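For clarity, every value in this text was computed on a predicted model and none was experimentally measured. Note on naming: letters A, B, ... go to the chains in the order of the sequence lines (proteins, then strands), and numbering restarts at 1 for each one.
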There are 2 protein chains.
Amino acid sequence: MNYSKQRELVLKTLQENMIHPTADQVYELMRKEMPKISLATVYRNLNQLAEKGIIHRISGLNGSVHFDHNIEKHYHFICTKCNKVYDVPYRVAPDLAQKLAEYTGLEAESYDVAFRGICNHCKNLN
Amino acid sequence: MNYSKQRELVLKTLQENMIHPTADQVYELMRKEMPKISLATVYRNLNQLAEKGIIHRISGLNGSVHFDHNIEKHYHFICTKCNKVYDVPYRVAPDLAQKLAEYTGLEAESYDVAFRGICNHCKNLN
DNA sequence: TTCAAAATTAGTAATGATTACTATTATTGA
DNA sequence: TCAATAATAGTAATCATTACTAATTTTGAA
């Protein structure tokens, strides 16, 4: 994987925006700093970075794939009102892969937990 | 929601095919029995049935949305080789919504757990 | 440093999944 | 029985993502 300005900025954008953005959101955020960036380049780099395990892709939230610079084990909660994505700590459901193996004999390479509901902020907006 | 032959067959097809089919797969399965069915009708009915809680939509597996006639709480394992979807019993991760509330104060209306890995069948194919 | 091979890019076309639209047909309840 | 409502088939449109291509950039060996 050769160096490129574009890939560096994709990563930096993801690290500086804790909103679990989609590829399109990363694209829009990056355009401020690099107006000529191509959407296809953003997709390609996000996929490459995920492939190398430098970032994580989160699917199953809502339609499109989201990306996460945080590669520590953790889960996600998506608000069905505002669509914001919140981190959920690992201790909410530890050792799921191990439990899966115990109960079913299946070996998971990875897994996601996606909670859906209304976040506290949206609840308070009566 | 009025009765329709098409909706009845969508549900029947889902119940008789335990493969967690996508909308397109339901469409193909139904065409044997109802060749004039429209893909848009299949999508509309699957969404309506899911809306009413009669079936479940499973997202986050692989690209497209899958549907499940089983609305008991349970999880899924998708094989990254053959793309088959397996059911994972609820006891692998019980009370996740409650744990979530305890640890974070967030209230989940629903949640999915999607495991990914190579299934035992594909493992045995050397 | 120089330069050619390999990687990356911007821009755009193509694909795949899903939804929107529309004119026609089926269902329903008074 | 009949008009209001819902549902349908067929197709166009949309959205997310990937594929393609000619031009540019990176890289490491000479």
ask   = In residues 3-14 of chain B, which residues come under 4.0 Å of DNA chain C by heavy atom?
value = B:Tyr3
query = Which pair of heavy atoms, one from A:Ala93 and one from B:Leu96, lies closest together, and at what distance?
reply = CB-CD2, 3.6 Å
Grab the [atom1]-[atom2] distance between [X] and [N] for me, whole Å please.
X: A:Asn2; N: D:dT26; atom1: CG; atom2: P; answer: 9 Å
X: B:Lys36; N: D:dG10; atom1: NZ; atom2: C1'; answer: 11 Å
X: A:Gln48; N: C:dT8; atom1: CD; atom2: C1'; answer: 8 Å
X: A:Met1; N: D:dG28; atom1: CE; atom2: P; answer: 14 Å
X: B:Leu49; N: D:dA7; atom1: CG; atom2: P; answer: 11 Å
X: B:Leu46; N: D:dA7; atom1: CG; atom2: P; answer: 14 Å
X: A:Glu51; N: D:dT18; atom1: CD; atom2: P; answer: 11 Å

request  = Among residues two or more places apart or on two chains, list those pairs meeting side chain to side chain donor-acceptor pair (under 3.5 Å) that have a residue in residues 27-40 of chain B.
outcome  = B:Lys12-B:Glu33, B:Tyr27-B:Arg31, B:Glu28-B:Arg31
request  = Consider only side-chain heavy atoms of I, L, V, M, F, W and Y, link residues closer than 4.5 Å, and tell whether B:Met18 and B:Val88 are in one cluster.
outcome  = no
Please name all residues satisfying side chain to side chain donor-acceptor pair (under 3.5 Å) with [X], sequence neighbours left out, ordered by chain then number.
X: A:Tyr111; value: A:Tyr75
X: B:Gln98; value: none
X: B:Tyr3; value: B:Glu8
X: B:Thr41; value: B:Arg44

DNA chain D-proximal residues of residues 26-34 of chain A, any heavy atom under 4.0 Å = none
note = Sequence neighbours excluded, the answer for ring pair (Phe, Tyr, Trp, His ring centres under 6.0 Å) partners of A:His20 is A:His76
task = To the nearest 0.5 Å, tell me how far B:Leu14 CG sits from B:Ile19 CD1.
result = 9.0 Å
Spacing of CZ belonging to A:Arg7 relative to CG belonging to A:Asn45, to within rounding of 0.5 Å = 4.5 Å
key: Axis deviation across the helix from C:dT1-D:dA30 to C:dA30-D:dT1, five-pair ends, to the nearest 10°   = 30°
task = Just jot down the side-chain contact (heavy atoms from CB on, under 4.5 Å) partners of A:Gln15, sequence neighbours excluded, or say none.
result = A:Leu11, A:His69
Review item, side-chain donor-acceptor pairs of residues 112-121 of chain B, under 3.5 Å, at least two apart:
{"from": "B:Asp112", "atom 1": "OD2", "to": "A:Arg116", "atom 2": "NH2", "distance (Å)": "3.0"}
{"from": "B:Arg116", "atom 1": "NH1", "to": "A:Ser110", "atom 2": "OG", "distance (Å)": "3.0"}
{"from": "B:Arg116", "atom 1": "NH2", "to": "A:Asp112", "atom 2": "OD2", "distance (Å)": "3.0"}

Side-chain donor-acceptor contact under 3.5 Å, A:Arg57 with A:Asn47 = yes
ask   = Which one, D:dA6, C:dT9, D:dT8, comes nearest to the side chain of B:Thr41?
value = D:dT8
inquiry  = For nucleotides 16-22 of chain C, give me one character per nucleotide, 5' to 3': B if any protein heavy atom sits under 4.0 Å from the base, S if the only such contacts are to the sugar-phosphate, - if neither.
reply    = -SBBB--
